[in-house]
Amino acid sequence: MATNPLIEIRNGRVGKATSLRALKLNPYPSKSARTHYAKAILDDFAAQEGKTVTVAGRLMSWRKQGALAFGHVQDQTGRIQLFMRRNLVQPTNPETGGLGYAEFNLLDMGDIVEATGKVIKTERGEISILLDTMRLLTKAIRPLPDQWSGLKDREQVLRKRYLDTTLERPPFERFAAISKMISAIRGFLIGRGFLEFNTPAIQPQYGGGTAKPFKTHVNALGCEMYLAISHELYLKRLIVAGYDKVFTIGRYFRNEGVDRSHHPEFSMVETMAAYENYEYNMNLIEDMFRHIATTVFGKTEFKVGTHTVDFSKPWLRISMADVVLEKTGVDFRTLSSVQEANDKLTALGIHELQPSIGEAMVKAFEEKVEKELIQPTLVFGHPIEISPLAKPMAHDPRYVERFEIFIAGMECGDNWSEQNDPVTLLETWRKSYKAEERDAGKFHTLDFDFIEALEFGMPPTTGIGPGIERMAMIFTEQENIDDVIFFPLMKPALSHMNASIYGIHEPSLAPVEDLALSSDEFESLCRDGALKPHDKNLTVKPHLRLWTVAGQPRLSGHVEIEGFLANSVLRLAGCKINANAALPEEELKKAVAASLELSLVVFLKKTFPACHLTLSPPTLMKNG
RNA sequence: GCCUCGGUAGCUCAGUUGGUUAGAGCAGUUGACUCUUAAUCAAUUGGUCGAAGGUUCGAAUCCUUCCCGGGGCACCA
């Protein structure tokens, strides 16, 4: 039945594994005897020449030429050439696992191999390993994509990143660099006296902002919880606990839109430092970025889109009111009414009315200023209206001790001096709670447990949260967040090919919504209008199961309706099927179809006259 | 959620205005070859054209719906 090329290749390779086992060679042994990485040999040929080494990695090429062959093995550090001479290769040996010359046809491109031999240079001058023993470490039963062109299909790159990094060096290096960047952040903060803590990703309340959370259910506790949209309230509890400088590299989950700079699951390094205010963090963040740039990437200039961002110079620090004045000519500090502020906005071409002077200034900032902040800039002094968790400035309480980081027109982190007056905070929260209660659907629960912690006294504290992905985008010069997240969020998909290889007959995938109803429930939900088709084309697929109980045939079954749910099938149990299980198969199928035609199909046609209905012939499964 | 572009062999891509049996390169298979490196040469296998429906004598091509992805907008830090 293997008519498909992939299936043929796969079967062929599985067959080679079987042949190897027949020769007492394990195609999946447990350990390698690697002595060198490719790069170590290539970088130090003078010292390695003539020595016997063992390398291990993926076999990326194999060029046979009579009694000679050349190949390349790719490991984490790079590729090194193998040079095979028929007369120098050890014969097949189950003791060492070595493959003799005759068995080399059981190797395939993409296999993980181990090669032992002397380090030499070929006539053409390439540093190579003159093969003595070749061992198979892992049989690959799927072929790699074309190595010359690489994986071009964006969807495949995102779904099968491991292939992209196998075939292409830049993405491989990029993700390694991002890992080093995170280590550097840790190292930097620990060097400044910070302690790293884990904070919960499953939280009973979702504090911080108005982001929509992911909801989940904790079976053991029998309650609903949320995936973290923020970790700051936990870090502040750590400050209450007596640790002065803490941080977490946290996972954040926001059930919102996806675009080139937003991903539903992302990470931030969030810090809290007690006995300091926001000015401390201005220095901290500037130093951190410079530290990463120089130690991980070895430079201070990075190309972001068409701009070049320079981290070597001191960052511009400017108040929001000043930068808005500079870019728009409007000084919002001098305005005395909301009306006046909105008139100024209108004059700037912004027509959405704002409820306060502060919010009007923020609107002007977002619309007219933000995108122009290319070089690293710290904008401080946000209006108090939009900063409920921050402390007001001593000299002008309309503004708060807060700053945001802008690089290449992108917001890269937020910071403020934390409000630690529990009474004021509770009042602020209550106010926003009421405001949002009026605004249907944006309901917030309050974290009274946190308020209680504050009541025991939290020292003056300041925190900062730069986004890891956005830092990675800047430092690795990527414009798409998917290119700094190894496993970006994708809808589950099962190819027809894999469905057939793995024997899955109904590729209904991990269902986004799965629903199984009794026939009666289904009909009543449809009548109430609670359940409606998602598609105009409905397909009714009966599935029958024939049982033999004590020699007597029994019939049971369910019906699947495609087109009702967006990404899944609706299953109906208990449909009225009038058929004699003892009938021959073909007649039985006809009887079932006829029976459904009279009940379910009639019902669907009557209830959803706009839909086109197809009744598939019943599928018969036999058991016992 | 809206707009827009795309999905053809395992991979990378052609496929004209709707017209014979959908093509190529790589990979695969078989064979030749003692310094190759996108090795070369010869032969050869391989397709639910994303899915379903429709229009038509005839559909990869036109229409409808759906699925998956990219880009943009909106929402949102």
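Protein chains get the first letters and strands the later ones, always in sequence-line order, with residue 1 at the start of each.
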In whole angstroms, the gap separating P of B:C67 from CG of A:L494 amounts to 17 Å
Open item on the list: With a 3.5 Å distance limit and no angle check, can you tell me whether A:T77 reaches the backbone of A:K39 through a side-chain donor-acceptor pair?
Closed with: yes
In this structure, CG of A:D414 is separated from CZ of A:R402 (nearest 0.5 Å) by 4.0 Å
field: Residue pair A:Q48 / A:V53, side-chain heavy-atom distance below 4.5 Å
entry: yes
Given Watson-Crick and G-U pairs under 3.5 Å, RNA chain B in dot-bracket ([ ] crossing, | other strand) is (((((((..((((.....[...)))).(((((.......))))).....(((((..]....))))))))))))....
For A:D153, which contact category applies under a 4.0 Å heavy-atom criterion: base, sugar-phosphate, or nothing?
sugar-phosphate
Q.
Taking the C1' atom in each of B:U8 and B:G46, what is the distance between them to the nearest angstrom?
A. 14 Å
In whole angstroms, the gap separating C1' of B:C73 from CD of A:E256 amounts to 16 Å
Taking the C1' atom of each, how far is B:A52 from B:A59, in whole Å? 15 Å
From the candidates B:C35, B:G47, B:C68, the one with an atom nearest any side-chain atom of A:K491 is B:C68
Between CD of A:Q478 and P of B:G70 the distance, given in whole Å, is 15 Å
Taken to the nearest whole Å, CZ/A:F83 to P/B:C35 is 8 Å
Under 4.0 Å: is that the gap between some side-chain N or O of A:N4 and OP1 or OP2 of B:G47?
no
Relative to the ring of A:W62, is the ring of A:F104 parallel (under 30°), tilted (30 to 60°) or perpendicular (over 60°)?
-> perpendicular
Checking B:G71, B:G69, B:A51 against the side chain of A:H496 (C-beta onward), the nearest is B:A51
Verify the contact: side-chain N or O of A:R159 to OP1 or OP2 of B:G69, cut-off strictly under 4.0 Å; return yes or no. yes
Under 4.0 Å, counting only non-hydrogen atoms across every strand here, what does A:G150 touch: a base, just sugar-phosphate, or nothing? sugar-phosphate
Partner of A:I481 under side-chain contact (heavy atoms from CB on, under 4.5 Å), picked from A:R260, A:H262, A:E469, is A:E469
A:K121/A:E126 ion pair, N-O < 4.0 Å: no
Hey, is A:K236 close enough to A:E418 for a salt bridge, meaning N to O under 4.0 Å? yes
Judged by nearest nucleotide, the residue sitting upstream toward the 5' end of RNA chain B, A:R470 or A:M497, is A:M497
Which part of the nucleic acid does A:N105 contact within heavy-atom distance under 4.0 Å: base, sugar-phosphate only, or nothing?
nothing
B:G50 and B:G6, which share atom name P, separated by this distance in whole Å
13 Å
When A:P145 and A:I9 are each assigned the nearest nucleotide of RNA chain B, the 5'-most assignment goes to A:P145
Open item on the list: Is the ring pair A:F289/A:F475 parallel, tilted or perpendicular, if the boundaries are 30 and 60 degrees?
Closed with: tilted
Note to self: Does A:L144 reach a base, just sugar-phosphate, or nothing at all? Heavy atoms under 4.0 Å.
What the structure shows: nothing
(message) For a quick check under 3.5 Å, do A:Q74 and A:R79 share a side-chain donor-acceptor pair by atom type?
(response) yes
Winner on side-chain proximity to A:K212, out of B:C68, B:U34, B:C75, is B:C75
### Query
When all nucleic acid strands are considered with a 4.0 Å heavy-atom cut-off, which category describes A:R142: base, sugar-phosphate, or nothing?
nothing
With B for base contact, S for sugar-phosphate-only contact and - for none (protein heavy atoms under 4.0 Å), nucleotides 37-43 of chain B reads BBB----
Exercise. With respect to the phosphate group of B:U12, does any side-chain polar atom (N or O) of A:K152 fall under 4.0 Å of OP1 or OP2?
Worked result: no
The reported gap from CE in A:M134 to CD in A:Q90 (rounded to nearest 0.5 angstrom) is 14.0 Å
Taken to the nearest whole Å, NZ/A:K160 to C1'/B:G69 is 13 Å
*Which part of the nucleic acid, if any, lies within reach of A:N480 when heavy atoms closer than 4.0 Å are counted: base, sugar-phosphate only, or nothing?*
sugar-phosphate
Whole-Å distance, A:Q156 CD to B:C11 P, equals 7 Å
When rounded to whole Å, the CG to P distance for the pair A:L6 and B:U48 reads 11 Å
Winner on side-chain proximity to A:P143, out of B:G69, B:U29, B:A27, is B:A27
Worksheet entry | Inter-nucleotide C1' distance (B:U30, B:C66), Å rounded | 44 Å
With the threshold set at 4.0 Å, does a side-chain nitrogen-carboxylate oxygen contact exist between A:E359 and A:K363?
-> no
Worksheet item: Can you tell me how far P in B:U61 sits from the matching atom in B:U16, rounded to whole Å?
Response: 11 Å
> Distance check: side-chain N/O of A:K16 vs OP1/OP2 of B:U29, anything under 4.0 Å?
Replying inline: yes
key: Quiz item: A:Q147 side-chain donor-acceptor pair to B:A27 base, under 3.5 Å   = no
Among the nucleotides B:G10, B:G71, B:G70, whichever has the atom closest to the side chain of A:L158 is B:G70
B:G18 and B:G54: how far apart are their C1' atoms, nearest whole angstrom? 15 Å
(message) Can you tell whether the side chains of A:R161 and A:D483 come within less than 4.0 Å, N to carboxylate O?
(response) yes
#### Entry: Nearest-angstrom distance, P atom, B:C49 to B:G7
14 Å
Inset, instruction - Describe the nucleic acid contact of A:R10 in one word from base, sugar-phosphate, nothing, applying a heavy-atom distance below 4.0 Å. - result: nothing
Atom CE of A:M60 and atom C1' of B:C11 are separated, to the nearest Å, by 13 Å
_Between B:A27 and A:R13, counting only base atoms on the nucleotide and side-chain atoms on the residue, is there a donor-acceptor pair under 3.5 Å?_
no
Picking from B:U34, B:G70, B:A9, the nucleotide nearest the side-chain atoms of A:L68 would be B:U34
Exercise. Hey, is A:D108 close enough to A:K16 for a salt bridge, meaning N to O under 4.0 Å?
Worked result: yes
*Whole-angstrom distance between B:U45 and B:G23, as gauged at atom P*: 12 Å
Side-chain atoms of A:S149 come closest, of B:U34, B:G71, B:U12, to B:U12
